[in-house]
K.L.:
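I have a structure I would like to understand better, so I am pasting it below and will then ask my questions one at a time.
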Amino acid sequence: MRHTTAVVNRIARIVYSSPACIRRHQSTLPFRKQLKDEAKLRKAQRGLINDKNPENDSGEDWELTVGLEIHAQLNSERKLFSSALTSITNELNSHTGLFDLSIPGSQPLLQKTVLLPALRAAIALNCEIQLESRFDRKHYFYHDQPAGYQITQYYAPLAKNGHVVLTQEDGIAPEDYPEVRVGIKQVQLEQDTAKTIQQPPDDVLLDFNRVGHPLIEIITLPHIHSPQTASACVRKLQDILESVNAVATGMELGGLRADANLSVQQRNTVGECSYSGVLGLGQRTEIKNLSSFKAVEDAIIAERNRQIQTLEQGGKIEGETRGWTLGSTETKKLRGKEGEVDYRYLPDPDIPPLLLSGELIEHLKHTLPALPDQQTSYLISSFDITMKDAKTLVSLDRGLRLDYLAEVFDILAKLGHDSYKLGRTASNWTLHELGGLLSTHSVPFEANPVSARALAEIISNLQNEQINGSGAKTLLSLVFAGTERNIDQLIVEHNLKSRNFEADEYRTIASQLLEQYPKMAQEIRNGKTGKLQWFVGQIMRASQGKMDAKTATDTLIELLGI
Amino acid sequence: MIARPVLSGLYASCPHGSRSKLKYPRFNRCLQTVQQCRHKSTPSKPLSANEVKDLLSTPTWSVSSLIEQQHDDTPAETITQKQLHHLLRLSALPLPETPQEEAKMIETLQSQLHFVRAVRNVNTTGIKPLYAIRDETEESMQAMRFGLKDLKEELDKEEIVGFARRIRKKSGTATAQEEETVDVLKLAPNKIGRYVVVNTKKT
């Protein structure tokens, strides 16, 4: 964690600078103190100590349990129960159906276009699709909900009993290595509400475009035990949903929201609460409307610390709903138990059950896009790309970068190369060399001027030793800047063709330079080996960048006698 | 699922399914008749027109049996003012203005709950709940089931691209057909620009 080092340092300073401690250091540290210090350091590493009071050592360890509820806006053309078009960027209040506004007499009509993204999401999360599910009303009054109730699936959801696996590479907390399997209780369809803007003191401004937009709510089981893992879980779920085209935008643009439910329990004790078959939990509180991955992690840390502090001081945790704003240090109470809303769930009598055929589900399973994990394993096994680069490629530019790389591999194969051997090279050029140029010149990938063929030919020439590294970089810059010529023409035009120099030629140039600059040569012999690079640079200049840097370095070393 | 806190009190006094506590003998009889009729798929012989007229001339049961309160002892549970106000708040209904109005509301509510208690006393073990009255024949369910052919049109609008078999909407598929919308700005009493304005001050 970010502040771990600071906390550990602070503890170390306090622990090792107290007079008692200094005294004791002169003899040996008492075993009891050693154990306490170790426990403190362990706690600090897990961020369990309140920054303001690092000496707060109750001697007890606490276990955190987190369950998440994620609301994702489906990538659907139309709303859930009205034929109005969904809109993300359209003019305010321009797509509102009769049923969305709850105009008296309007009736709901399920739009089948929502089924594709919803089912793909549920399948990607390994759920059992329920061939029969139903819709229920969740009643509460709020200005962003014209009907006075939200249509959701409380009693019979669309899908149940899924799971998602998070590994080390997904960014889970170190204490959860090597992997965590987070169970998914259910995935259900529901409606979204209107967008509101507060206009103090009492008014709100409403845009009803979003009312009735189809959402899925993904409810995980309380299988998460660390804030970092919770944040990683939300990120992973977003990646999976994006990969199967179930969502159009992510958390940054408001397409995904998360609520966290968490409780703490003293280690080696059993709590009285339970959730969906997970027993022995403490009383939980809910944090609503977390809108970024960082907010998920920070809010859970803050709430966990608050709960531990309350319990250590002998207080009790109330089953509350709490809120979090960016930059806070503590969650804020929104609703207590007395303000708990009675939603009066009832099956919606106007909506028939949602019946699906097994044939449709099978078809969607077979045509499901490759999930992020499948893509990264394929890249690693077929092209020897590193896990870090593979993960970057999978999520960059909505998969366009990866398609580009795949095309590069295709062309390289046609040119007779072994894709596995060139895997890392090609991915480096695509991610770092080309990526570097794109970001330096602020060009989005969609406007990339370097065709896959151009990049493949550059790499091919490099591999065939027709050009050297710096020549290849020059070629890339030329193509990036825009040119009509093809690679072969450019090589000729700019005299980039490398030629194999004889060892004698290296010695000639090297000894010439050493004669020209005897003082520097002597400094190198005396130990300033850094200056060697300058000589190498001079050799490269003299040979118009065509000599091999390593051979030049070796020759210089040989001639200098070091 | 109305007023859960109120009805939980009722459950304490009238356990679900216990017919011995029924105070409505006429209703009980009617129930028995209905149950007997269920087992009879066809009558032994058709009734004559006069027999039918006789059968229908006097009612065997009246709903008033369920709201008659004078025959009962004190009702199982008195509704308090607090409970009434809670229910009114949940339903976004205005609170009563005079004590007489409040007393009338409570009286009505109690007799309604009397009725509900009677309905809840019916033994429904093993019976699947009815969610709505609709055609649940095999053919009808088959017709409602979404199959591959029902989504063909939607699937045709998509194409599979690239290395990871990503799904993308085909370019050029028209989407703006048959959208049923209503101009909310015309209906809104208060607006600023294209926003609808709502005042949230509690009155």
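We name chains A, B, ... by the order of the sequence lines, and we start the count at 1 in each one.
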K.L.:
Do you know which of A:Val341, A:Leu356, A:Leu402 has the most heavy-atom pairs under 4.5 Å to chain B?
P.N.:
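Counting heavy-atom pairs under 4.5 Å, the top option is A:Leu356.
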
K.L.:
Got a salt bridge between B:Glu154 and B:Lys157, using NZ or NE/NH1/NH2 to carboxylate O under 4.0 Å?
P.N.:
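B:Lys157 and B:Glu154: salt-bridged.
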
K.L.:
When you measure from the side chain of A:Ser82 to the backbone N and O of A:Lys79, does any donor-acceptor pair fall under 3.5 Å?
P.N.:
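No: the side chain of A:Ser82 does not pair with the backbone of A:Lys79.
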
K.L.:
Taking side chain as everything from C-beta outward and backbone as N, CA, C, O, which of these in B:Leu185 sits under 4.5 Å from a heavy atom of chain A? Side chain, backbone, both or neither.
P.N.:
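When you check distances to chain A, only side chain atoms of B:Leu185 fall under 4.5 Å.
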
K.L.:
Partners of A:Asn90 by side-chain hydrogen bond (donor to acceptor under 3.5 Å, both in side chains), sequence neighbours excluded?
P.N.:
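For A:Asn90 the side-chain hydrogen bond (donor to acceptor under 3.5 Å, both in side chains) partners, ignoring immediate neighbours, are A:His95.
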
K.L.:
Shorter than 4.5 Å, heavy atoms on both sides: which option in A:Ala194, A:Pro201, A:Pro352 has the most such pairs with chain B?
P.N.:
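Between A:Ala194, A:Pro201, A:Pro352, the count favours A:Pro352.
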
K.L.:
Counting only non-hydrogen atoms closer than 4.5 Å, does A:Leu110 touch chain B with its backbone (N, CA, C, O), its side chain (CB onward), both, or neither?
P.N.:
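For A:Leu110, the side chain is the part near chain B, not the backbone.
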
K.L.:
Would you mind checking which part of A:Pro372 comes under 4.5 Å of any heavy atom in chain B, side chain (CB onward), backbone (N, CA, C, O), both or neither?
P.N.:
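For A:Pro372, no heavy atom lies under 4.5 Å from chain B.
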
K.L.:
Could you note down all residue pairs passing salt bridge (Lys or Arg N to Asp or Glu O under 4.0 Å) where residues 400-409 of chain A supplies at least one of them, sequence neighbours left out?
P.N.:
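For residues 400-409 of chain A, and leaving out neighbouring residues, the salt bridge (Lys or Arg N to Asp or Glu O under 4.0 Å) pairs sorted by first residue read A:Asp397-A:Arg401, A:Asp403-B:Arg166.
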
K.L.:
Please assess B:His86 against B:Lys82 for the test side-chain contact (heavy atoms from CB on, under 4.5 Å), listing each intermediate value before the final yes or no.
P.N.:
CA-CA 6 Å; B:His86 177 66; B:Lys82 188 157 175 262; 5.9 Å; no

K.L.:
Indicate yes or no: does A:Asp239 engage A:Lys391 in a salt bridge with an N to O separation below 4.0 Å.
P.N.:
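Salt bridge: no.
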
K.L.:
Between A:Glu91, A:Glu362, A:Gln199, A:His143, which shows the greatest number of heavy-atom pairs under 4.5 Å with chain B?
P.N.:
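It is A:Glu91.
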
K.L.:
Using heavy-atom distances under 4.5 Å, tell me whether A:Leu354 contacts chain B through its side chain, its backbone, both, or neither.
P.N.:
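Contact with chain B involves the side chain of A:Leu354 alone.
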
K.L.:
Examine whether an atom of A:Asp100 lies under 4.5 Å from a heavy atom of chain B, and if so say whether it belongs to the side chain, the backbone or both; otherwise answer neither.
P.N.:
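No part of A:Asp100 comes within 4.5 Å of chain B.
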
K.L.:
Measuring only between side-chain heavy atoms, which start at C-beta, is B:Gln110 closer than 4.5 Å to B:Glu107?
P.N.:
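Not touching, per the 4.5 Å side-chain cut-off.
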
K.L.:
Rounded to the nearest 0.5 Å, how far apart are CD1 of A:Ile151 and CD1 of A:Ile351?
P.N.:
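The CD1 atom of A:Ile151 sits 3.5 Å away from the CD1 atom of A:Ile351.
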
K.L.:
When you look at A:Gln145 and A:Tyr140, which way does the side-chain contact (heavy atoms from CB on, under 4.5 Å) test go after all the steps?
P.N.:
CA-CA 9 Å; A:Gln145 195 169 257; A:Tyr140 65 94; 3.2 Å; yes

K.L.:
Among residues 112-121 of chain A, which ones touch chain B with a heavy-atom distance under 4.5 Å?
P.N.:
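From residues 112-121 of chain A, the residues near chain B are A:Lys112, A:Thr113, A:Leu115, A:Leu116, A:Arg120.
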
K.L.:
Identify which part of A:Ala406 has an atom lying under 4.5 Å from any heavy atom of chain B, answering side chain, backbone, both or neither.
P.N.:
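Contact with chain B is through the side chain of A:Ala406 alone.
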
K.L.:
What part of A:Tyr378 lies closer than 4.5 angstrom to a heavy atom of chain B: side chain, backbone, both or neither?
P.N.:
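For A:Tyr378, the contact with chain B is made by the side chain alone.
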
K.L.:
Using non-hydrogen atoms only, which part of A:Thr196 is less than 4.5 Å away from chain B: side chain, backbone, both, or neither?
P.N.:
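Contact with chain B: none, neither part.
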
K.L.:
Quick check for you: among A:Leu360, A:Leu400, A:Thr96, A:Asn245, which has the greatest number of heavy-atom pairs under 4.5 Å with chain B?
P.N.:
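Ranked by contacts with chain B, first place is A:Thr96.
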
K.L.:
Using heavy atoms and a sub-4.5 Å threshold, report which of residues 189-198 of chain B line up against chain A, by residue number.
P.N.:
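Expected list: B:Ile192, B:Arg194, B:Tyr195, B:Val196, B:Val197, B:Val198.
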
K.L.:
Among A:Ser243, A:Ser357, A:Gly97, which has the most heavy-atom pairs under 4.5 Å with chain B?
P.N.:
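Most heavy-atom pairs within the cutoff with chain B belong to A:Ser357.
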
K.L.:
First locate atom CG of A:Asp136, then atom OH of B:Tyr131, and finally report the distance between them rounded to the nearest 0.5 Å.
P.N.:
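A:Asp136 atom CG to B:Tyr131 atom OH measures 8.5 Å (nearest 0.5 Å).
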
K.L.:
Please state whether the side chain, the backbone, both or neither of A:Leu368 comes within less than 4.5 Å of a heavy atom of chain B.
P.N.:
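Contact with chain B is through the backbone of A:Leu368 alone.
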
K.L.:
Checking B:Leu187 against chain A: side chain, backbone, both or neither under 4.5 Å from a heavy atom?
P.N.:
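Looking at B:Leu187, just its side chain touches chain A.
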
K.L.:
Establish, yes or no, whether a centroid distance under 6.0 Å links the rings of A:Tyr154 and A:Tyr343.
P.N.:
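They do not qualify: ring centres at least 6.0 Å apart.
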
K.L.:
Yes or no on salt bridge (charged side-chain N to carboxylate O under 4.0 Å, His left out) for A:Asp342 and B:Arg89, after CA distance, side-chain angles and deciding distance?
P.N.:
CA-CA 11 Å; A:Asp342 183 355; B:Arg89 216 182 345 261; over 6 Å; no

K.L.:
Please classify the contact of B:Glu158 with chain A as side chain, backbone, both or neither, using a heavy-atom distance under 4.5 Å.
P.N.:
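For B:Glu158, side-chain heavy atoms alone lie under 4.5 Å from chain A.
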
K.L.:
So, B:His85 and B:Glu102: side-chain donor and acceptor under 3.5 Å apart, yes or no?
P.N.:
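Yes - a donor-acceptor pair under 3.5 Å links their side chains.
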
K.L.:
Classify the angle between the aromatic ring planes of A:Phe409 and A:Phe383 as parallel (below 30°), tilted (30 to 60°) or perpendicular (above 60°).
P.N.:
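Answer is parallel, since the angle falls under 30°.
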
K.L.:
Take A:His363 and A:Ile361, measure what side-chain contact (heavy atoms from CB on, under 4.5 Å) needs, and give me the verdict at the end.
P.N.:
CA-CA 5 Å; A:His363 173 85; A:Ile361 311 299; over 6 Å; no

K.L.:
Is there a side-chain contact (heavy atoms from CB on, under 4.5 Å) between A:Leu393 and A:Ile385 once you walk through the steps?
P.N.:
CA-CA 10 Å; A:Leu393 282 165; A:Ile385 295 177; 4.1 Å; yes

K.L.:
Show the numbers, then the answer: is there a salt bridge (charged side-chain N to carboxylate O under 4.0 Å, His left out) between B:Arg134 and B:Glu136?
P.N.:
CA-CA 6 Å; B:Arg134 53 172 61 97; B:Glu136 287 181 353; 5.7 Å; no

K.L.:
Give the member of B:Ile160, B:Val184, B:Asp150 that has the highest number of heavy-atom pairs under 4.5 Å with chain A.
P.N.:
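Ranked by contacts with chain A, first place is B:Val184.
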
K.L.:
Give a yes or no answer on whether the side chain of B:Glu101 reaches the backbone of B:Pro96 with a donor-acceptor pair at less than 3.5 Å.
P.N.:
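Here the side-chain-to-backbone pair does not exist.
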
K.L.:
Sort out for me which of A:Asp207, A:Leu405, A:Asn75, A:Leu98 touches chain B most, counting heavy-atom pairs under 4.5 Å.
P.N.:
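Heavy-atom pair counts peak at A:Leu98.
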
